[in-house]
Amino acid sequence: MNKKIIFTDIFAIPQEYNPIPASKMIPEWYKNINSYFNEEKKPLLNNNTSATVKKCMPVFDSITNGYIIVTHSDIFISKYIDENGHKQVNYQWSNFNAISSHASFQFNGYPRTENKNELFKFRNTWGIKTPKGYSCLFVPPMHRDNKLVILPAIVDTDTYNYPVEFTFELANDEVEGLIPAGTPIAQIIPFKRDVWKMQFGTEKDRNEFRGIYNRLRCVWFDAYKRFYRQPKEYH
């Protein structure tokens, strides 16, 4: 039976900025690269294959997993030097009070936040509801050239379906200028909560690994996809 994830907009955002299955928003770099080096599907001299990252199913599955939320407003980023000689960031936005901030005491000690007076957050307008027992992982859209990098988080969206705001950092000091409305900002991956207990493998497990390795080495191309990959669907 299909599980349902419900996105509810509280601000009447234009439909072109609706969430979308990640499989329908493949990044341009992935579309544009070749599947094989020099477009030749063949073994190489070092006993490897000519397959590129485009043929890596774990990369493809991470790109296409879950749902993408995009920015609902244009955001303009400019920089200035404060009275203490520190570079600071100024944000302007076109609509929906898109940006707010955390005071410095709220993230004191958090990695990469030295010399920052504020940490900013994007005002997501989408409440997310999942079935009982399911939570959502919020991460920066995977394998993309993200300018705004959200802090990863897990929310129990079966009990809490109010819109989650996305605290973010700039990808680097060079990020400046216009971030257009419709830019991917968060990847939402629903998952079932379970109780897990760690243990270490035995000789039986090591033998299983050897069997997997031997099967993988029997073919030049797409071995993981052919023998082990399982379908993942988000609509």
Side-chain angles (χ1 to χ4, degrees), residues 13-14 16-20 22-35 37 52-54 56 58-126 137-154 163-189:
I13 299 297
E16 58 262 39
Y17 306 127
N18 282 357
I20 187 171
S23 59
K24 295 183 178 179
M25 192 176 279
I26 305 294
E28 289 301 315
W29 74 263
Y30 189 88
K31 294 178 183 178
N32 292 337
I33 66 170
N34 294 325
S35 296
F37 178 66
T52 70
V53 66
K54 193 167 187 174
C56 177
V59 170
F60 177 79
D61 281 345
S62 59
I63 288 174
T64 57
N65 208 269
Y67 304 89
I68 299 292
I69 288 181
V70 302
T71 55
H72 50 59
S73 307
D74 280 354
I75 299 168
F76 192 84
I77 301 171
S78 55
K79 309 287 181 66
Y80 67 96
I81 304 299
D82 66 17
E83 63 274 11
N84 298 316
H86 297 146
K87 182 182 286 188
Q88 302 295 341
V89 182
N90 181 64
Y91 293 92
Q92 297 169 270
W93 52 89
S94 58
N95 207 349
F96 300 115
N97 296 320
I99 305 292
S100 59
S101 65
H102 290 290
S104 60
F105 73 86
Q106 293 180 290
F107 56 90
N108 186 35
Y110 190 86
R112 303 180 304 279
T113 59
E114 301 83 357
N115 301 324
K116 291 183 179 179
N117 294 326
E118 296 176 292
L119 200 60
F120 292 89
K121 52 187 177 180
F122 177 79
R123 190 175 193 183
N124 166 43
T125 68
W126 293 96
L137 172 65
F138 294 74
V139 294
M142 289 187 275
H143 300 289
R144 296 175 188 266
D145 183 21
N146 301 306
K147 301 295 190 297
L148 308 180
V149 181
I150 69 167
L151 275 55
I154 290 175
V164 177
E165 294 187 334
F166 304 139
T167 301
F168 67 86
E169 305 172 278
L170 297 184
N172 55 62
D173 286 340
E174 306 305 315
V175 175
E176 207 163 356
L178 180 67
I179 307 292
T183 297
I185 190 170
Q187 190 163 356
I188 316 302
I189 302 173

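Residue numbers run from 1 in the order of the sequence given. Note that the structure is predicted; figures quoted are calculated from it, not measured.
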Does Ser35 have any side chain to side chain donor-acceptor pair (under 3.5 Å) partners at least two apart in sequence or in another chain, and if so, which? none

For atom NZ of Lys24, decide whether the heavy atoms of other residues, nucleotides or ligands shown that lie under 6.0 angstrom number more than 12. no

The side chain to side chain donor-acceptor pair (under 3.5 Å) partners of Thr125 (sequence neighbours excluded) come to Asp9

Under the rule for ring pair (Phe, Tyr, Trp, His ring centres under 6.0 Å), what residues qualify as partners of Phe122, not counting sequence neighbours? His72

So which pairs with a foot in residues 60-73 pass salt bridge (charged side-chain N to carboxylate O under 4.0 Å, His left out), sequence neighbours left out? Asp61-Arg229, Asp61-Lys232

Mind checking whether Ile77 and Leu148 have side chains closer than 4.5 Å, heavy atoms only? yes

Min side-chain heavy-atom separation Phe166-Thr71 under 4.5 Å: no

Kindly write out the residues that satisfy side chain to side chain donor-acceptor pair (under 3.5 Å) with Glu83, not counting sequence neighbours, or none if the list is empty. none

Within a strict 4.5 Å, meaning less than it, do heavy atoms of the Glu169 and Leu151 side chains meet? yes

Okay, side chain of Asn124, backbone of Pro163: is any donor-acceptor separation there less than 3.5 Å? no

Is there a donor-acceptor pair closer than 3.5 Å between any side-chain N or O of Lys121 and the backbone N or O of Ile150? no

With side chains defined as the heavy atoms from C-beta onward, is the minimum distance between Gln92 and Ile75 less than 4.5 Å? no

Measuring only between side-chain heavy atoms, which start at C-beta, is Val149 closer than 4.5 Å to Phe168? no

Quick one: list whatever passes side-chain contact (heavy atoms from CB on, under 4.5 Å) with Ala153, sequence neighbours left out. none

Set of side chain to side chain donor-acceptor pair (under 3.5 Å) partners for Gln106, sequence neighbours left out: His102

Is the backbone N or O of Asn95 less than 3.5 Å from a side-chain atom of Ser73, with the two atoms forming a donor-acceptor pair by type? yes

Residue set satisfying ring pair (Phe, Tyr, Trp, His ring centres under 6.0 Å) with Phe120, at least two apart, ordered chain then number -> Tyr91

Kindly write out the residues that satisfy salt bridge (charged side-chain N to carboxylate O under 4.0 Å, His left out) with Asp74, not counting sequence neighbours, or none if the list is empty. none

Residue pairs involving residues 137-150 (criterion side chain to side chain donor-acceptor pair (under 3.5 Å); sequence neighbours excluded): Ser62-His143, Asp145-Lys147

Quick one: pull up OH in Tyr67 and CD1 in Ile189 and give me the separation to the nearest 0.5 Å. 11.0 Å

Keeping to residues at least two apart or across chains, list the side chain to side chain donor-acceptor pair (under 3.5 Å) pairs with something in residues 174-187. none

For Phe60, ring pair (Phe, Tyr, Trp, His ring centres under 6.0 Å) partners two or more places apart: none

